[in-house]
Amino acid sequence: MPNMPKINIDSVVDKVLQVDDAAEEIHDINLAILIDESVSPEFITYARDAFSPKNEYVHLHVESFYNEPADVDENTDLAIVIANGSPWTGATAAIAKSKNVQVVVVAEHLDIVISRSEATEFELDHDNLIAAEIISDEYLPFLKAVKETGSAVTGAVNGCVDLLGRQIPMKFFGKELVSQTFDFDLPDPNKEVDYDDVFDALAKWVIKNCPSCSATFTDAFEFARPAQVKSVAFRTANENAVTAAIFFLPGADLPVMTLNQIKMLIQIERAYDYSLDRQTLIEVAAVVGSGFASRTVARWLCRKAPVFGWLIKVGLGYVVTLILGHFINLYAKDGRKLPMPIELPFVKKEQPEGYEPTGNAVVVDIEE
């Protein structure tokens, strides 16, 4: 029987430090916000609050326009046009493109923006156009499908939680690690698209279309954080699915996939302004543990259905990473607190006077 690959903890720590050192560089960018004067005061107020950078690397230029197009400096890295009734939105976008400046149009009322731009013979590129109407048309059918299958997904996740958090711990330690079920915060397909959704779509557009300035953009603006976290989780899940597909030796993909998940952990926590510290090593240990647990589940499923072994590996590589990313997001969002109470049987806790330990559990006193 071939030797299974192992994860050396010293190697893991070194890799963690390398991941942090190789973080996406945050650098100076020039951002132009061009505002159509006919945009509603409510939308302008929201945009003003949203575009308040929390770092010094974003250099903002804010300009209004209506009766003539806004000019765009050729040194601009990204131009965001917030549009409504001006006939010169399309012309403003065309000026930006002529100077090789990335430009995106955020439309308050899509039909008005498109018709006014067409009237001046400056048609807008729909790939670089964001509006509530587009979000509704693209995502509502998807959200309804997610809602319909949500109970099945939640049931599957809770089945894994029950196995790994209750049944196995009860067998080995005589107690459960997890006492409650997990509930996904599924999007509501009946919810109306609001400014939050529009700016979330803007952040996704920047991440997808402006790789050179996306790191600075997502670091600077609070509204871009959810899109950044989702992008990291989906990218890591895709990478792990590919890794599972190309490794044929059982277990050989575990170190690669686990280090990918550790990288995801650090990137998500960095999005919430957390840096490497002592607690990171505990979190890394939890990620490594989840890697071994998911491998155990994968092997069990492959034995049950060997014909679908490759498909099981790829599917679990993707789904487990995505679920882990969701947990890490909840954990970091809540101040690095677990979204559900977990009691480790090997951690010594303060006990009432007169308490005497029973059973065969190993007790380790963790000092600060």
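We use all heavy atoms of the structure for the numbers below, so side chains are in, but hydrogens, waters and symmetry mates are not. This is a predicted model, so every value here is computed, not measured.
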Are F51 and I82 packed together at the side-chain level, in the sense that at least one heavy-atom pair is separated by less than 4.5 angstrom?
yes
Which value, rounded to the nearest 0.5 Å, describes the distance between L265 atom CG and L259 atom CG?
12.0 Å
If two hydrophobic side chains count as joined below 4.5 Å and joins carry through other members, does L276 share a cluster with V232?
yes
Show the nearest heavy-atom pair for residues V193 and S136, with the distance to one decimal.
CG2-OG, 3.1 Å
Is it the case that one hydrophobic cluster holds both V314 and M257, taking links as side-chain heavy atoms less than 4.5 Å apart, direct or via other members?
no
Quick check on side-chain contact (heavy atoms from CB on, under 4.5 Å): which of T216, T76, L60 does I29 satisfy it with?
T216
Quick one, D125 and K97 - any side-chain contact, counting heavy atoms below 4.5 Å?
yes
Please round to the nearest 0.5 Å and tell me the distance separating atom CG of N260 and atom CZ of R235.
9.5 Å
Strictly distance-based, threshold 3.5 Å: is any side-chain N or O of N84 a donor or acceptor partner for the main-chain N or O of E108?
no
Is there a side-chain contact between R225 and K333 (heavy atoms, below 4.5 Å)?
no
Which is it for I114 and H126 under the side-chain contact (heavy atoms from CB on, under 4.5 Å) test, yes or no, and what are the steps along the way?
CA-CA 10 Å; I114 289 178; H126 285 230; 3.9 Å; yes
Under 3.5 Å: donor-acceptor pair, side chain of H27, backbone of S212:
yes
Over 12 non-hydrogen atoms of neighbours within 6.0 angstrom of CD in E63
yes
For the residue pair V39 and A83, what are the closest heavy atoms and their distance?
CG2-C, 3.8 Å
Note, L324 side chain near M264 side chain (heavy atom, < 4.5 Å)
yes
What's the shortest heavy-atom distance between D28 and D77, and which atoms?
O-OD2, 4.4 Å
Which pair of non-hydrogen atoms, one from E269 and one from A332, has the smallest distance, and what is that distance?
CG-CB, 4.4 Å
Answer yes or no: is there a side-chain heavy-atom contact under 4.5 Å between F122 and T89?
no
From K230 NZ over to H326 NE2, what is the distance, rounded to the nearest 0.5 angstrom?
10.0 Å
May I ask you to test the R336-Y272 pair for a side-chain heavy-atom distance under 4.5 Å?
no
Is there a side-chain contact between V198 and L202, using heavy atoms and a 4.5 Å cut-off?
no
Side-chain donor/acceptor of N238 to backbone N/O of F234, under 3.5 Å:
yes
Report, as yes or no, whether the 6.0 Å neighbourhood of atom CD on E121 holds more than 12 heavy atoms from other residues, nucleotides or ligands.
no
Just how far is it from atom CD1 of I323 to atom OG of S290, taken to the nearest 0.5 Å?
11.0 Å
Among the clusters formed by ILVMFWY side chains lying less than 4.5 Å apart, do I134 and I207 turn up in the same one?
no
Looking at S86, is its backbone amide N or carbonyl O close enough to the side chain of R116 to form a donor-acceptor pair, meaning the two atoms are under 3.5 Å apart?
no
Determine yes or no for a side-chain-to-main-chain donor-acceptor pair under 3.5 angstrom, with K54 supplying the side chain and D219 the backbone.
yes
In this structure, OG of S214 is separated from NZ of K204 (nearest 0.5 Å) by 15.0 Å
Does G85 offer a backbone N or O that forms a donor-acceptor pair with the side chain of D36 under 3.5 Å?
yes
Within a 6.0 Å radius of atom CD on E37, are there more than 12 heavy atoms belonging to other residues, nucleotides or ligands?
yes
Exactly one candidate in V58, L31, I26 meets side-chain contact (heavy atoms from CB on, under 4.5 Å) with F217; the answer is L31
Once rounded to the nearest 0.5 Å, what's the spacing between atom CD of Q267 and atom NZ of K263?
5.0 Å
Are the charged groups of D71 and K99 less than 4.0 angstrom apart, N to O?
yes
Intermediate values then yes/no, side-chain contact (heavy atoms from CB on, under 4.5 Å), T120 and W88:
CA-CA 7 Å; T120 53; W88 300 110; 4.0 Å; yes
Beyond-backbone contact of N30 with D73, side-chain heavy atoms, under 4.5 angstrom
no
Using modelled atom types and a 3.5 Å cut-off, is there a donor and acceptor pairing between side-chain atoms of S231 and backbone atoms of A227?
no
Begin with the C-alpha distance, continue with both residues' side-chain angles, and end with the deciding distance and a verdict on side-chain contact (heavy atoms from CB on, under 4.5 Å) for Y274 and T280.
CA-CA 10 Å; Y274 297 117; T280 307; over 6 Å; no
Are the side chain of T92 and the backbone N or O of A70 linked by a donor-acceptor pair below 3.5 Å?
yes
Residues Q102, W205; criterion side-chain contact (heavy atoms from CB on, under 4.5 Å); working and verdict:
CA-CA 11 Å; Q102 286 274 27; W205 184 94; 4.1 Å; yes
Main-chain N/O of D194 paired to D197 side chain as donor or acceptor, under 3.5 Å:
yes
May I ask whether F65 and I112 are part of the same hydrophobic cluster, defined by side-chain heavy atoms of I, L, V, M, F, W, Y residues being less than 4.5 angstrom apart, directly or through others?
no
Identified side-chain contact (heavy atoms from CB on, under 4.5 Å) counterpart of L124 within the set V105, V103, V81:
V105
Could you tell me if the ring centre of F221 sits under 6.0 Å from that of F199?
no
Nearest heavy-atom contact between C210 and L78 is SG-CD1, 3.9 Å
Taking all atoms of both residues into account, what is the closest heavy-atom pair of L129 and A107, and its distance?
CD1-CB, 4.3 Å
same_hphob_cluster(V104, I33) at 4.5 Å side-chain heavy-atom cutoff
yes
